[in-house]
Amino acid sequence: MNENLIEIAYILAASLFILGIKGLAKPKTAVRGNQMAATGMLIAIVVTLLNSTVVSYEWILAGAIVGAIIGATLAIKIQMTAMPQLIALLNGFGGGASLTVAAAEFFKSQPVSGDLATMAATAAGHDVTGMGTFAMIATGAAVFIGAVTLTGSFIAFAKLQEIIDGKPMGFAGQQAASALLLIGSIVAIGYLTIEPTNTDLFWAMVAAACLLGVLLVMPIGGADMPVVIALLNSYSGIAAAAAGFVMGNSVLIISGSLVGASGLILTQIMCKAMNRSLTNVLFGVMAEGGETMDADEVYAGKVKSSSPDEVGMLLETARRVVIVPGFGLAMAQAQHAVRDLADTLEDRGVEVEYAIHPVAGRMPGHMNVLLAEAEVDYDKLKEMDHINPTFEQTDVVIVIGANDVTNPLAREDKGSPIYGMPILNVDKAKTVVVVKRSLSPGFAGLPNPLFAKDNTLMLFGDGKGAVLDLVGALKEA
Amino acid sequence: MDISIIHITLFVLAVFLGFELITKVPPTLHTPLMSGTNAISGVTLVGAILAAGHGGSQNLVNILGFVAVTLATINVVGGFMVTNRMLAMFKRKD
């Protein structure tokens, strides 16, 4: 196939990717957007297969079959609650793909004793000396970022899947070790531009980058995983763009940088939602608290326990109810029960909305997907900034499986580690009902004075059971 | 002009375009956005096909090409399918 035609097809594919992402700006156009991006991918793949430099198909076919089976199985079988794990895995595979593509290019450029092409080149007086400087730097970048993404994502996956402990893990001098690996890798890439046939050095750099990926993610706690997944998403894009530089391929460069930018924006949004700087998250630093609050002091004698019947009576007379879901809701598989509760309330003419904090789930937008699975209308899912001004006109707020994102300390106590974190101002509502097993603290490890407020009722119990009891109480009434 | 300069230009422009595009995606769709862009980054498959199909005699290159095709295909197939699955749940209400 003509080279110019191939390039035109690549630009068409890149345009479809861009239009596809544009389609994702609205739920109505999103499915079409995804299909457009997939069409773009098909075009890119087909013209690549027709490229005259592709002469043997057995390795391609084998890889495509294995990959398609694994990919399809993952996509069909995955539980929506496990979506962060899947994204972590896919990020890792993306990094791995860039790593192996760049490595293949590197070894393709190596002189091979006995190889016909090499012998012909030497006989003709050309020296086979491996890659040029620009290609070597791009290869080094693709391999390095790809390897960090690969191992880092697998650690993130293992933490989310609870194969390894979600707690921050580290050792003395870990940051120094990471810095050393980073500097060593950069020096190795620099040296490879001078001596591009040093394969041992290349492998050493791959090993250093793989180790670095592990060391970077191990010290990050489970609560910060949304940031890490978004960041690794960005890395996988940058690695793809770097692989594009290696291959001199425009569609790879364009789509890689789109993904890199996307991941960076999501990282930023997540950091802002948790009031943490990216450096804090990356180095596993929690903000230092002033005096730690004593939970007993906060709660002593002020926590009011309630019953489903009592809350049912409150809901009967309510005109506006806001539900605040947290990941605890998904853990209790209570999404459908909550939808039932909302339907029952709406049948009685009550206005029901959901308040979604940006870190309500385990990755950006996760809670929205979980509620969409329970067939909750996405129009009812309100972002924090939109719903916060409405709490004063809300009769009952039901908090299920959420804790830190409702903690008024973030607003009021300058000494608190979470001070400044944007929260849902649920305490402004007439009554707050908190469905929770116990008074145990959330990820931040802090007591929540919301539980002791005059307008708060605690409904102790398992999320799903408590919500079903509420539905029952309402239907009886 | 060197071809690599053109590529760097493409890269810089695409990053800006990416920022413009992504800021318009509402938080409701951030998870499908991530899986969708993940699938798009699987376009490394293009590079993987070129590496795996060059027909050379170096086994290492062939094996690396095979691994690259496998990993990138998982990304493409898995990414687009799971995104479609999620987005279908959002569409249902219309």
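All figures in this text were calculated on a predicted structure; none of them were measured in a lab. Every chain is numbered from 1, with letters handed out A, B, ... down the list of sequences.
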What part of [X] gets closer than 4.5 Å to chain B, counting heavy atoms only: side chain, backbone, both or neither?
X        : value
A/Ile269 : side chain
A/Ala230 : both
A/Asn233 : side chain
A/Phe17  : both
A/Ile76  : both
A/Leu264 : side chain
A/Ile60  : both
A/Tyr10  : side chain

Minimum heavy-atom distance between [X] and [Y], given as atom pair plus value:
X        : Y       : result
B/Asn84  : A/Gln35 : OD1-NE2, 4.3 Å
B/Ser35  : A/Ile87 : CB-CD1, 3.4 Å
A/Ser257 : B/Ala14 : OG-CB, 3.1 Å

Interchain contact, [X] with chain A, by part (heavy-atom threshold 4.5 Å):
X       : answer
B/Ala39 : backbone
B/Leu33 : both
B/Leu13 : neither
B/Val76 : side chain
B/Ile40 : both

Tell me, out of [options], who's got the most heavy-atom pairs with chain A below 4.5 Å.
options                            : result
B/Phe11, B/Phe80, B/Phe66          : B/Phe80
B/Val25, B/Thr23, B/Val12          : B/Val25
B/Ile63, B/Thr70, B/Val15, B/Val77 : B/Thr70
B/Gly78, B/Gly53, B/Gly55          : B/Gly53
B/Thr31, B/Val69, B/Leu45          : B/Thr31
B/Arg85, B/Met81, B/Glu20          : B/Arg85

Any idea which of [options] has the most non-hydrogen atom pairs under 4.5 angstrom with chain B?
options                              : result
A/Ala13, A/Ala68, A/Gly361, A/Gly237 : A/Ala68
A/Gly94, A/Ala30, A/Ser262           : A/Ser262
A/Val101, A/Leu90, A/Leu258, A/Thr48 : A/Leu90
A/Pro84, A/Gly95, A/Pro358, A/Ala62  : A/Ala62
A/Asn91, A/Val66, A/Ile229, A/Leu86  : A/Asn91
A/Ala72, A/Gly96, A/Gly256           : A/Ala72

For residues 41-51 of chain B, which residue pairs qualify under side-chain hydrogen bond (donor to acceptor under 3.5 Å, both in side chains), counting only residues two or more places apart or in two chains?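 For residues 41-51 of chain B: none.
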What's the separation between atom [atom1] in [X] and atom [atom2] in [Y], rounded to the nearest 0.5 Å?
X        : Y        : atom1 : atom2 : value
A/Trp59  : B/His54  : CH2   : NE2   : 11.5 Å
A/Gln110 : B/Leu60  : CD    : CG    : 10.0 Å
B/Thr28  : A/Leu381 : OG1   : CG    : 5.5 Å
A/Met270 : B/His30  : CE    : NE2   : 7.5 Å
B/Ile74  : A/Leu74  : CD1   : CG    : 7.0 Å
A/Ile45  : B/Ile49  : CD1   : CD1   : 5.5 Å

Test item: [X] and [Y] side chains (from C-beta on) under 4.5 Å apart, heavy atoms:
X        : Y       : answer
A/Glu373 : B/Met86 : no
A/Glu105 : B/Val61 : no
A/Ile254 : B/Leu10 : yes
B/Leu29  : A/Pro27 : yes
A/Val369 : B/Met89 : yes

Working note: A/Val259 + B/Asn38, criterion side-chain contact (heavy atoms from CB on, under 4.5 Å); need CA distance, chi angles, decisive distance, verdict. CA-CA 7 Å; A/Val259 177; B/Asn38 225 314; over 6 Å; no
Sidechain-backbone polar pair: A/Asn51 side chain, B/Leu50 backbone, donor-acceptor under 3.5 Å: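 It does not hold such a pair.
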Mark yes or no for whether B/Gln58, through its side chain, and A/Phe107, through its backbone, hold a donor-acceptor pair below 3.5 Å.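 It does hold such a pair.
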Considering only distance and modelled atom types, tabulate donor-acceptor pairs under 3.5 Å from the side chains of residues 239-251 of chain A, sequence neighbours left out.
from: A/Asn249; atom 1: OD1; to: A/Val251; atom 2: N; distance (Å): 3.2
from: A/Asn249; atom 1: OD1; to: A/Leu252; atom 2: N; distance (Å): 3.3
from: A/Ser250; atom 1: OG; to: A/Glu7; atom 2: OE1; distance (Å): 3.1

May I ask you to check whether over 12 heavy atoms, not counting those of B/Phe16, lie within 6.0 Å of atom CZ?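 Counting other residues, nucleotides and ligands, CZ of B/Phe16 stays at 12 neighbours or fewer.
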